[in-house]
Structure formats: C-alpha cells, structure tokens
Amino acid sequence: MFNLILFGPPGSGKGTQSEKLTLKYGLKHLSTGDLLRSEIAGQTPLGLAVKNLMAEGKLVPDEIVIEMINSVLDNNPHVNGFLFDGFPRTTAQAEALDKLLVQKGTEIGLVLALQVSQQELIKRLLNRGRTSDRVDDVSEEVIAARISEYEKKTAAVAEHYKKYGKVEYVHGEGSIDEIFDLLCKEIDQKKVA
Ligand code: AMP
C-alpha cells in the first residue's frame, strides 16, 4: 500500500493534481473538503454543523474530520493506497492519521508539498469563485481567512512529516501537465527506492 498526502495552501492545485494522480497510480482519492461539501449538499446534521464555518473560511473541528477519515479507511480495506487531499490540516489530525494507518498496518509513504506564491493563490481562488459554485472562493475576505488558517494551523503539518523525512517540495506554478510531471517524478523515485 502506498499512501500519499498532497499538501499545500488553498488554491495550490491539490484537487486538480489529485484527480490525475489517482488515475495514474490507482489510489483512492480522499478529499475532506469534497466529503464535507457533499454533507452540506445532502443537508445532513454534520453538513449543517459545518456549513457556517466553511463559508467563513475556518477549519472545522478536528474530531469531525478524523471521524470521517476513519470511516472511509474502514470502508475501503482493499485499495492500493490513499491520496489524502486537504487532510491532515492540523498537527492533531496528522497524529490521528498516523495512528489510524498504523492500526491498519500501513503508513504515509510521501508528502508532496506544492509551493505557490500568495499572489498566485489569490488570483486562482478568485477565478475559481467565478466559475464554480464554491461559496468560499467568492470573497477576498474569506480567501484571506483560509490562507490565514493555513498559515496558523496547517503549515505545521509539513514540519510534522519533515521529522520523518517524508516531505518533498514541488514548484506548483506552471502548466497542469508540467506540475503533474514533477509530482510523478517524486512518487516514482520514492516507490522504487
Ligand atoms: P478544501 O476543499 O480542502 O479547500 O476545504 C474547504 C473547507 O472545508 C476548508 O476551508 C475547511 O473549512 C473545511 N475543511 C476541509 N478539510 C478540512 C480539514 N482536514 N480540517 C478542517 N477543516 C477542513
């Protein structure tokens, strides 16, 4: 089993690259943002509980996302590996994930961290706000709140995995295919190593 975390700030291209990587490597894509949005669309109690936080660009409580991840791991026992996109977003989530994977006899193989300038992130998110139905991409204020949550709480996740020598940085500006090639190179090196 090969488990990958695609890491980076909002707008760094995690969703786009995840789709291509899961196809190429046969991984199960696990995006906590997508899972939460489908809870909101289904108007479930969980969806109602997180809706306002998400609209404000704030992280939802760790317990909620950890529980969601736990059940997806349980429901997919026979996959080649998972690609985590938008998770873990706090050190507490990273520690919980590591424990869950140990219980399943596996671990994180690689953390690929996409690096994109703040100016480019804001440009991409506003552009996505114009073309998608994501409410959290529309206002500059909410985008700023998401970037601030990333800096305050999420950036530390890379430090957590650096301790284990699992992080590789990839330049996340360029064409989708150029960035995809860089990511694949890192994965291929790690998988044959
Ligand atoms: P994303 O689609 O990954 O950009 O996530 C959209 C929003 O969902 C975030 O701004 C958070 O409000 C929430 N969210 C997604 N994943 C997580 C997570 N792992 N921990 C906390 N909140 C999350």
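Just so you know, these numbers come straight off a predicted model, no measurement behind them. As the structure lists them, so they are numbered: ligands from 1, and atoms in each ligand from 1.
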Which of the ligand 1 atoms, numbered from 1, are nearer than 4.0 Å to a heavy atom of Gly86: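 This gives 16 (N), 17 (C), 18 (C), 19 (N) as the contact atoms.
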Can you report which non-hydrogen protein atom sits closest to [atom], along with the distance?
atom: atom 14 (N) of ligand 1; value: Leu36 CD1, 3.5 Å
atom: atom 16 (N) of ligand 1; value: Thr32 OG1, 2.8 Å
atom: atom 7 (C) of ligand 1; value: Met54 CE, 3.6 Å

State whether [X] and [Y] are salt-bridged, where the test is any N-O pair (Lys NZ or Arg NE/NH1/NH2 against Asp/Glu carboxylate O) under 4.0 Å.
X: Glu149; Y: Arg146; result: no
X: Asp177; Y: Lys20; result: yes
X: Arg37; Y: Asp34; result: yes
X: Glu159; Y: Lys163; result: no
X: Asp137; Y: Arg130; result: no

Geometric N/O contact [X] with ligand 1, under 3.5 angstrom:
X: Arg89; result: yes
X: Gly57; result: no
X: Asp34; result: no
X: Arg37; result: yes
X: Asp136; result: no
X: Phe87; result: no

Any idea which of Lys58, Lys153, Gln93 brings a heavy atom closest to atom 11 (C) of ligand 1? Lys58
Would you say Leu53 has more than 12 foreign heavy atoms packed within less than 6.0 Å of its CG?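 Counting other residues, nucleotides and ligands, CG of Leu53 exceeds 12 neighbours.
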Is it true that, when you exclude Asp133 itself, more than 12 heavy atoms of the residues, nucleotides or ligands shown sit nearer than 6.0 Å to its CG? no
Measure the distances from the heavy atoms of Lys14 to every atom of ligand 1 and state whether one is below 4.0 angstrom. no
Side chain, backbone, both or neither: which part of [X] has a heavy atom under 4.0 Å from ligand 1?
X: Val60; result: both
X: Glu149; result: neither
X: Arg134; result: side chain
X: Leu59; result: both

Yes or no on side-chain contact (heavy atoms from CB on, under 4.5 Å) for Leu27 and Leu21, after CA distance, side-chain angles and deciding distance? CA-CA 8 Å; Leu27 302 171; Leu21 291 169; 5.6 Å; no
Would you indicate whether the side-chain heavy atoms of Leu36 and Met68 approach each other to under 4.5 Å? yes
According to the interplanar angle, ranging from 0 to 90°, do the rings of Phe87 and Phe84 count as parallel (below 30°), tilted (30 to 60°) or perpendicular (above 60°)?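 Rings of Phe87 and Phe84: tilted, 30 to 60°.
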